[in-house]
2 protein chains.
Amino acid sequence: MPAKVDIPRKSIYRLSIYQRCLQRLRENQVDTVSSAALAKAAGVKSTQLRKDLAYFGQLGTRGLGYNVDALSGTIGDVLGQNKLQPVILVGVGNLGSALMRYGGFRKEGFEIAAAFDLAPRKVPGVNVPVLAMTDMPDFIRRQNVKMAILSVPASSAQSVVNEMVQHGIQAILNFSPTVLDVPENVVVNSVDLAVELENLSYFIR
Amino acid sequence: MPAKVDIPRKSIYRLSIYQRCLQRLRENQVDTVSSAALAKAAGVKSTQLRKDLAYFGQLGTRGLGYNVDALSGTIGDVLGQNKLQPVILVGVGNLGSALMRYGGFRKEGFEIAAAFDLAPRKVPGVNVPVLAMTDMPDFIRRQNVKMAILSVPASSAQSVVNEMVQHGIQAILNFSPTVLDVPENVVVNSVDLAVELENLSYFIR
DNA sequence: CTATGTGAACTACTTCACAGCT
DNA sequence: AGCTGTGAAGTAGTTCACATAG
């Protein structure tokens, strides 16, 4: 795989969007698509799409466009979708249990291998074990889990993160409304609902 | 209020973070804070914080720092937090009902005024009316609602958006995994769980 | 003639360096 | 002396313009 260092994070985000559009094309038996058409579906400019894809080699055919299957496969490799990636979820509250019930992850190559909570109890209708927080370190090591979804209250987020990271978690999707402090080699994406709403609120007059 | 046109969107996001940190300072009876200290808490560089704040005037005192109450008030004004902003939520599934139960919105100045679903039924433990989709247009107009949270399946997202926008919604927080097409004057922030995970997946080796 | 790939130009954002108040 | 505010410099990301391949 090519060097990851100087590919913009925003390009990576867009690859996911392209991938979704390609999936739809595939379902519709389309086998070739131009940058213009795919860009339209993804809501970006065609030059941007071509730049994004060019980071990963010459993926298209001049005069013709991109092969849907091949492009989708390449993007899947880049995003690590092509092998099921185990993820743990920590904090089985309102949001946590809703996320456990959300089926969309598996389709995109992720599997919630287990959930953890201080007061573990089964989430109805979901086939994921809910374990005690004290079982987390062991689970991470044994199953070699690298990714975690964090949906605990803000007050305990940092301490949970410290423990996760210490036992091998390298990437965290954070839903707690707080700024997390992590080592250089750990990636955090934060989804902060209040921040998103406030941002919208600013842009309405 | 000053012209919104050339203030970077990222600055607005950061204002929300600063606001949270200020709130904590306020709880601890701190009344003055330096850009260095606040920036540290927010996880940004102090120059960036000062630039962000400078868009809204001279808010600090040279040699001293920023008054916590005053700064928090100004940011609240900018973000429209100082009057309770009504929001509707459309799509009362797993995620939708979890969002309804999430208490954090009100604290930040937002109130879920009503929720809408094709098959409306009360969400236990929440004091928000759940109404039929057909009631939405009227509700938006009568209550003059400008903001919406969208948590419907991808397949119906665009048509719901079209209807919302037609009746006056100006800002949408979108949880559906799809690209929305909206008029120029409508703002959309999308939170796409699969995209966030894929992005993390890319950055772990 | 069509559509990709890409250096060059441009735009947006961040950081620096330091002037200006208190 | 201490800390903010800000033009200037630097960096990152986007768009343009066009050479290149089918």
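Quick caveat: nothing in here was measured; it's all calculated off a predicted structure. Quick note on labels: first sequence line is chain A, next is B, and so on, each numbered from 1. Only heavy atoms go into these numbers, but all of them, side chains included; no hydrogens, no water, no symmetry mates.
Evaluation of the salt bridge (charged side-chain N to carboxylate O under 4.0 Å, His left out) rule for A:Asp192 yields B:Arg20 as partners, not counting sequence neighbours. For B:Glu111, the salt bridge (charged side-chain N to carboxylate O under 4.0 Å, His left out) test picks out B:Arg106, with sequence neighbours left out. Take B:Asp31 and apply the salt bridge (charged side-chain N to carboxylate O under 4.0 Å, His left out) test, not counting sequence neighbours, and it matches no residue. With sequence neighbours left out, the salt bridge (charged side-chain N to carboxylate O under 4.0 Å, His left out) criterion links A:Arg26 to A:Asp69. Qualifying ring pair (Phe, Tyr, Trp, His ring centres under 6.0 Å) partners for B:Phe175, counting only residues two or more places apart in sequence or in other chains: none. By the ring pair (Phe, Tyr, Trp, His ring centres under 6.0 Å) test, B:Phe105 is found to be paired with B:Tyr102, residues two or more places apart in sequence or in another chain being considered. In this structure, the side chain to side chain contact (heavy atoms under 4.5 Å, CB included) partners of B:Asn174, at least two apart in sequence or on a different chain, are B:Leu150, B:Ile172, B:Ser176, B:Leu180, B:Val188, B:Ser190.
OP1 and OP2 of D:dG13 both lie 4.0 Å or more from every side-chain N or O belonging to A:Tyr55. Under 4.0 angstrom from either OP1 or OP2 of D:dT14 there lies at least one side-chain N or O belonging to A:Gln48.
Residues from residues 13-25 of chain A with heavy atoms under 4.0 angstrom of DNA chain C: there are none. For the contact set between residues 67-76 of chain A and DNA chain D, defined by any heavy atom under 4.0 Å, there are no members. Of the residues in residues 34-45 of chain B, those lying under 4.0 Å from DNA chain D by heavy-atom distance are B:Ser34, B:Ser35.
Cation-pi geometry between B:Arg9 and A:Phe203 is met: the NZ or CZ atom falls under 6.0 Å from the ring centre, inside 45° of the normal.
Boundaries of the chain A contact region on DNA chain C are C:dT2 to C:dA8, first to last in 5' to 3' order (nucleotide atom under 4.0 Å from a heavy atom).
Taking atom NZ of residue B:Lys51 and atom P of nucleotide D:dG10, one finds them 15 Å apart after rounding to whole Å. Here the P atom of nucleotide D:dG5 and the CD atom of B:Gln58 are 6 Å apart, to the nearest Å. What separates CG of B:Leu49 from P of D:dC3 is a distance of 14 Å, to the nearest Å. Note: NZ (A:Lys10) to C1' (D:dT14) measures 9 Å, nearest angstrom.
A donor-acceptor contact closer than 3.5 angstrom is absent between the side chains of A:Arg14 and B:Asn199. A donor-acceptor pair shorter than 3.5 Å can be found between the side chains of B:Gln158 and B:Asn162. In this structure, a donor-acceptor pair under 3.5 Å is present between the side chains of A:Tyr13 and A:Asn189.
Among the atoms of the strands shown, only primed sugar atoms or phosphate atoms (P, OP1, OP2) are found under 4.0 Å from some heavy atom of A:Leu59.
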Under 3.5 Å, which donor-acceptor pairs do the side chains of residues 40-51 of chain B form with other protein atoms, sequence neighbours left out?
from, atom 1, to, atom 2, distance (Å)
B:Arg50, NH1, B:Ser35, OG, 3.0

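Summary of the strand contacts: A:Asp52 and B:Gly57 both lie near DNA chain D, and taking for each the nucleotide with the nearest heavy atom, the more 5' one is attributed to B:Gly57.
In this structure, A:Phe116 and A:Thr134 have side chains that are not in contact, with every pair of non-hydrogen atoms separated by 4.5 Å or more.
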